[in-house]
S.K.: 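Take this structure first; my questions come after.
Fair warning: this is a prediction, and the values are worked out from it, not measured in the lab. The first residue of the sequence shown is numbered 1, and numbering continues consecutively from there.
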Amino acid sequence: MRGHDYEERITIRCLACGKEQELSPRLMVCSYCGGPLEIEPDVSRISISDFLKIRSMWRYRPVLPMGDFVEPITLGEGATPLIRLRNIERILGIKELYAKIEGANPTGSFKDRGMSLAVSIANSYGYPEFIVASTGNTAASASAYGARAGKRVTVVLPRGYVADGKLFQSILHGARILYVDGSFDDALSKVIDDLSRSSTLYPLNSINPWRLEGQKTVAYEIAEDLRELDAIFLPVGNGGNIYAVYKGFAEAIKMGIMNRMPRIFGVQAKGASPIYTGWNLGGRDLKPVNRPETIATAIRIGRPANWLKAFKAVRESKGFFLSVDDTDILASQRMLAKLEGVGCEPASAASLAGLIKLVDEGIIDKDQRIVIILTGHSLKDPIAR
Ligand code: AN7
């Protein structure tokens, strides 16, 4: 295989059984037990001065698990704004509150970070065709990056539950669209089925650990901007992003860019909260939801593939999961829009709804520096309101 030097710098290990695996870009789950895989680039030999002077997530190329032969398929993803929310700070009585605006990514969501990396790697290994199940944003991102790489992209979507802006993007970028009746979970089952019948099809779902390596760069950016923070809130659907954020912070701490791990709070929508419920039932398993329902269609997921990783992120960072009502999600979306001029889609506003809930219940110390991640742009879903 190409890129031998790079294979020596990274290991792939199963998060469930701990067994090390042979490096392959199409290996998505543990070959022994089927558990989620974790990629570990050796960051101990890298310092902040090694980072590139590039204004995109590719600044962090030295900590991305890839050989020099990989050519970036990039649209300038990452390097998103971190902005202070002084008006909401005042109302909630919080000392310092920031929003990380992931909607400022090229296709309007955080998915672009992981997509850029995974598509770059798959492209360099010559896979001709990509497939992905999605609630919408992953499909939009895969469609754009796939188009840029000249690949055929198939997106599998839950019929009637993808926000208009996201659907438009997949159509615009020329993806082949397949619908399933049901939820994202049914779409993912179809993808896994199709994968078993083809060896050239490359999956871009968040069971793809390479995508999470791209998504971890959001944590590097926050670490470089703030050096330390007390708590971070983000919406949780499949549970991939919360792990990517945790992993990025853990590496940034190892490298000395960051002083300590913030508490990580994962927010789910009440009608689609298998991770939150499983966590509260002892944190050993998820509690699947057969018919997930929420206005935040991005996180309308009943059997999240990355639950084990999500649990680890929250456990290791001493945070927890919470769930919020759709009405609180929409109220938070309006609050950001009207008080701060910040537009985001409903799923993203779950971050703020979660924070407000902990403030109302007196659970969180207000004398803190807190970040909420706003995962997607307001124009993604112009109907939900
Ligand atoms: C705006 O696009 O799962 O917990 O298929 O679009 O990593 O799943 C989207 C997820 C949060 C949850 N916010 O992240 C998909 C998809 C927005 C999202 C999430 C999603 P994960």
Side-chain angles (χ1 to χ4, degrees), residues 1-13 20-31 37-79 105-107 111-132 138 141-153 173 195 198-221 240 244 247-248 251 254-255:
M1 201 192 275
R2 288 176 293 177
H4 190 70
D5 57 323
Y6 126 85
E7 289 176 27
E8 284 171 8
R9 282 186 282 119
I10 75 169
T11 52
I12 301 190
R13 204 184 303 279
E20 204 174 311
Q21 327 265 317
E22 203 174 315
L23 181 69
S24 152
R26 199 173 176 269
L27 187 65
M28 296 292 140
V29 293
C30 176
S31 28
L37 294 179
E38 152 132 301
I39 301 167
E40 296 169 5
D42 182 6
V43 300
S44 65
R45 280 179 285 168
I46 298 163
S47 77
I48 193 166
S49 58
D50 293 322
F51 287 162
L52 313 179
K53 304 233 165 347
I54 294 175
R55 217 167 290 146
S56 83
M57 73 155 211
W58 289 89
R59 166 170 171 71
Y60 304 105
R61 181 164 183 152
V63 294
L64 299 177
M66 58 197 299
D68 295 340
F69 62 89
V70 172
E71 218 179 285
I73 306 291
T74 175
L75 291 163
E77 52 291 323
N105 275 297
T107 78
K111 303 286 183 182
D112 292 341
R113 297 175 184 268
M115 208 53 75
S116 178
L117 182 64
V119 166
S120 301
I121 291 174
N123 181 56
S124 70
Y125 279 85
Y127 290 100
E129 202 176 335
F130 301 153
I131 190 166
V132 74
T138 303
S141 188
S143 301
Y145 285 84
R148 194 161 173 82
K151 306 292 178 181
R152 182 179 159 99
V153 179
H173 294 297
L195 282 173
S198 161
S199 61
T200 56
L201 204 53
Y202 187 84
L204 289 171
N205 271 106
S206 66
I207 50 166
N208 180 327
W210 309 90
R211 260 191 50 205
L212 299 187
E213 288 297 298
Q215 285 176 210
K216 78 182 178 188
T217 57
V218 72
Y220 277 88
E221 287 174 16
K247 190 166 187 287
E251 291 178 9
K254 236 185 253 172
M255 288 179 60

S.K.: What I'd like to find out is whether the side chain of Leu117 reaches to under 4.5 Å of the side chain of Trp58, using heavy atoms alone.
M.R.: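 Yes, at least one pair of side-chain atoms sits under 4.5 Å.
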S.K.: Give the minimum heavy-atom separation between Arg211 and Asn205, together with the two atoms involved.
M.R.: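 Smallest heavy-atom distance, with atoms named: NH1-C, 3.1 Å.
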S.K.: Which pair of heavy atoms, one from Pro65 and one from Ile121, lies closest together, and at what distance?
M.R.: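 Closest heavy-atom pair between Pro65 and Ile121: O-CD1, 3.9 Å.
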S.K.: Closer than 3.5 angstrom, by distance alone: can the side chain of Arg55 be matched with the main-chain N or O of Gly76 as a donor-acceptor pair?
M.R.: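 Flag not set: sc Arg55 to bb Gly76 has no pair under 3.5 Å.
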S.K.: Below 4.5 Å, heavy atoms only, C-beta onward: do Thr217 and Arg59 meet side chain to side chain?
M.R.: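 In short, these two side chains do not touch, never coming nearer than 4.5 Å.
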S.K.: In Å and rounded to the nearest 0.5 Å, what is the CG to NZ distance from Asn123 to Lys151?
M.R.: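 Those atoms lie 4.5 Å apart.
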S.K.: Can a donor-acceptor pair be found, under 3.5 Å and without considering hydrogens, that links the side chain of Ser116 to the backbone of Ile73?
M.R.: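 Pair found, side chain donor or acceptor close to backbone of Ile73.
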S.K.: Determine, step by step, whether Val70 and Arg61 satisfy the side-chain contact (heavy atoms from CB on, under 4.5 Å) criterion, reporting the C-alpha distance in whole Å, the side-chain angles of both residues, the deciding distance to 0.1 Å, and the verdict.
M.R.: CA-CA 11 Å; Val70 172; Arg61 181 164 183 152; 4.2 Å; yes
S.K.: Check the pair Phe51, Met255 against side-chain contact (heavy atoms from CB on, under 4.5 Å), reporting the backbone distance first and the verdict last.
M.R.: CA-CA 12 Å; Phe51 287 162; Met255 288 179 60; 3.6 Å; yes
S.K.: Nearest 0.5 Å please: distance from the CG atom of Leu201 over to the CG atom of Leu195.
M.R.: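 The CG atom of Leu195 is 5.5 Å from CG of Leu201, to the nearest 0.5 Å.
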S.K.: Compare every heavy atom of Thr107 with every heavy atom of Ala144, then report the nearest pair and how far apart it is.
M.R.: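 Heavy atoms only, the tightest pair is CB-CG2, 3.6 Å.
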S.K.: Apply side-chain contact (heavy atoms from CB on, under 4.5 Å) to residues Glu22 and Leu27 and explain how you reach the verdict.
M.R.: CA-CA 9 Å; Glu22 203 174 315; Leu27 187 65; over 6 Å; no
S.K.: For Ser199, give me all partners under side-chain contact (heavy atoms from CB on, under 4.5 Å), at least two apart in sequence or on another chain.
M.R.: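 Partners of Ser199 under the side-chain contact (heavy atoms from CB on, under 4.5 Å) test: none.
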S.K.: Just wondering, do Glu251 and Pro41 contact through their side chains at under 4.5 Å, heavy atoms?
M.R.: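 When only atoms from C-beta onward are counted, Glu251 and Pro41 do touch, with a gap below 4.5 Å.
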S.K.: Quickly, which of Val43, Val63, Ile46 forms a side chain to side chain contact (heavy atoms under 4.5 Å, CB included) with Lys254? Name it, please.
M.R.: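 Looking at Val43, Val63, Ile46, the match for Lys254 under the side chain to side chain contact (heavy atoms under 4.5 Å, CB included) is Val43.
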S.K.: Side chains of Thr11 and Glu20: is there a donor and an acceptor less than 3.5 Å apart?
M.R.: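 Distance-only check fails for Thr11 and Glu20.
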S.K.: Mind checking whether Ile39 and Leu212 have side chains closer than 4.5 Å, heavy atoms only?
M.R.: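 Contact flag for Ile39/Leu212 side chains = no.
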S.K.: Restricting to non-hydrogen atoms, name the atom on Trp210 and the atom on Pro25 that form the minimum distance, rounded to 0.1 Å.
M.R.: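 So the two residues come closest at NE1-O, 3.4 Å.
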S.K.: Does some side-chain heavy atom of Glu213 sit less than 4.5 Å from a side-chain heavy atom of Lys247?
M.R.: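 Of all side-chain heavy-atom pairs linking Glu213 with Lys247, at least one is under 4.5 Å.
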S.K.: So how far is it from Thr200 OG1 to Arg152 CZ, rounded to the nearest 0.5 Å?
M.R.: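 That separation rounds to 10.5 Å.
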S.K.: Under a 3.5 Å distance rule, please check whether Glu40 uses its side chain to pair with a backbone N or O of Arg13 as donor and acceptor.
M.R.: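 Not confirmed, Glu40 side chain does not pair with Arg13 backbone.
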S.K.: Please give me the minimum heavy-atom distance between Pro62 and Leu52, naming the atom from each residue.
M.R.: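 Where Pro62 meets Leu52 most closely, the heavy atoms are CD-CG, 4.4 Å.
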S.K.: Is there a side-chain contact between Gln21 and Cys30 (heavy atoms, below 4.5 Å)?
M.R.: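 In short, these two side chains touch, coming nearer than 4.5 Å.
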S.K.: At their closest point, which heavy atom of Val153 faces which heavy atom of Ala142, and how far apart are they?
M.R.: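 Smallest heavy-atom distance, with atoms named: CG2-O, 3.8 Å.
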S.K.: Is the shortest side-chain heavy-atom distance between Tyr202 and Asn208 below 4.5 Å?
M.R.: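 The answer is yes; the side chains approach within 4.5 Å.
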S.K.: Measure the CG-NZ distance between Leu64 and Lys216 for me, rounded to the nearest 0.5 Å.
M.R.: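 Leu64 CG to Lys216 NZ: 6.0 Å, rounded to 0.5 Å.
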S.K.: Over 60° means perpendicular and under 30° means parallel, so tell me whether Tyr60 and Tyr220 are parallel, tilted or perpendicular.
M.R.: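 Geometry flag for Tyr220 against Tyr60: tilted rings.
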S.K.: Check whether any side-chain heavy atom of Glu77 lies under 4.5 Å from a side-chain heavy atom of Ser141, and answer yes or no.
M.R.: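 Heavy-atom side-chain distance check fails, nothing below 4.5 Å.
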S.K.: Do Asp42 side-chain atoms and Ser44 backbone N/O form a donor-acceptor pair below 3.5 Å?
M.R.: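 At least one qualifying donor-acceptor pair exists.
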S.K.: First locate atom OG of Ser31, then atom CG of Leu37, and finally report the distance between them rounded to the nearest 0.5 Å.
M.R.: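 Rounded to the nearest 0.5 Å, the OG-CG separation comes to 7.5 Å.
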S.K.: Atom CD in Gln215, atom CG in Asp112: separation rounded to 0.5 Å?
M.R.: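 Gln215 CD to Asp112 CG: 9.5 Å, rounded to 0.5 Å.
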